[in-house]
Amino acid sequence: MNVYVLLCLAAVAVVGLIEWTKNFVEKFLTVPGWVWSVVVLVASQGCGFLAVYGADVTAHNPLMAVLLGFAILALSQIGYEAIKKAIISRAEKALGVDSEKTN
């Protein structure tokens, strides 16, 4: 698999996981905003290590895993709103839910 495709897929996965976790956890706890920043960083680094050691897209080097993690972090932060809106609109279409009624 191409490393660029994997980076984009990992960024979408990070955004999706963070949103799912936010929705789940915030039903029980009030979490400060800085905690989510740390969680996004950890999730991005985890995806970076998974890409290097699991998907075998580049040399098995911890530095490369950290660099890919930062690239995933940057992509997920830059495209956060666009990715989130795309996921929500696709889910609403698949479920047949009108976004006007839920917002």
Side-chain angles (χ1 to χ4, degrees):
M1 180 180 283
N2 190 344
V3 69
Y4 304 113
V5 172
L6 190 66
L7 285 173
C8 292
L9 289 174
V12 170
V14 166
V15 170
L17 288 172
I18 296 304
E19 282 300 310
W20 180 82
T21 306
K22 271 186 186 179
N23 290 333
F24 182 74
V25 169
E26 289 184 345
K27 290 181 181 178
F28 306 106
L29 303 168
T30 302
V31 181
W34 65 268
V35 172
W36 295 118
S37 298
V38 172
V39 171
V40 169
L41 175 66
V42 171
S44 298
Q45 290 301 321
C47 284
F49 275 87
L50 186 63
V52 169
Y53 293 105
D56 199 27
V57 295
T58 185
H60 291 195
N61 184 346
L63 180 60
M64 185 58 73
V66 170
L67 290 174
L68 280 178
F70 283 130
I72 293 167
L73 176 67
L75 286 173
S76 65
Q77 291 301 302
I78 289 170
Y80 184 79
E81 285 301 317
I83 293 169
K84 191 170 109 174
K85 286 179 185 177
I87 291 171
I88 290 170
S89 69
R90 289 283 177 114
E92 287 173 346
K93 285 181 185 176
L95 297 172
V97 177
D98 187 17
S99 62
E100 299 293 325
K101 292 178 184 176
T102 58
N103 291 334

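The structure presented is a predicted model; accordingly, all values stated were derived computationally and were not measured. Residue numbers run from 1 in the order of the sequence given.
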| With the 4.5 Å side-chain cut-off for hydrophobic clustering, are F28 and W36 part of the same group? | yes
| query | Of the non-hydrogen atoms in I18 and A43, which two are nearest, and what is the gap between them? | reply | CD1-CB, 4.4 Å
| field | K22 atom NZ, neighbour heavy-atom count above 12 within 6.0 Å | value | yes
| query | Considering all heavy atoms of both residues, which atom of S44 and which atom of S76 are nearest to each other, and what is their separation? | reply | OG-OG, 4.2 Å
| Under 4.5 Å between side-chain heavy atoms, hopping through other hydrophobics if needed: is there a path connecting V40 to V25? | yes
| said: For a 4.5 angstrom cut-off between non-hydrogen side-chain atoms, does T21 reach V39? | reply: no
| query | Does one hydrophobic cluster hold both W20 and V35, with members joined at side-chain heavy-atom distances below 4.5 Å? | reply | no
| Can V38 be reached from F70 by stepping across I, L, V, M, F, W or Y side chains whose heavy atoms are under 4.5 Å apart? | yes
| query | In Å, rounded to the nearest 0.5 Å, how long is the span from CD of Q45 to CG of L67? | reply | 8.5 Å
| If Ile, Leu, Val, Met, Phe, Trp and Tyr residues are connected whenever their side-chain heavy atoms lie under 4.5 Å apart, and connections chain through other members, are I78 and V5 in the same group? | no
| Criterion side-chain contact (heavy atoms from CB on, under 4.5 Å) on N61 and V52, from CA distance to verdict | CA-CA 8 Å; N61 184 346; V52 169; 5.8 Å; no
| Ring geometry between F49 and Y53 (parallel below 30°, tilted from 30 to 60°, perpendicular above 60°) | parallel
| message | Contact between L68 and V3 at the side-chain level, heavy atoms closer than 4.5 Å - yes or no? | response | yes
| query | Which distance, rounded to the nearest 0.5 Å, do you find between the CD1 of I72 and the CG of L41? | reply | 11.5 Å
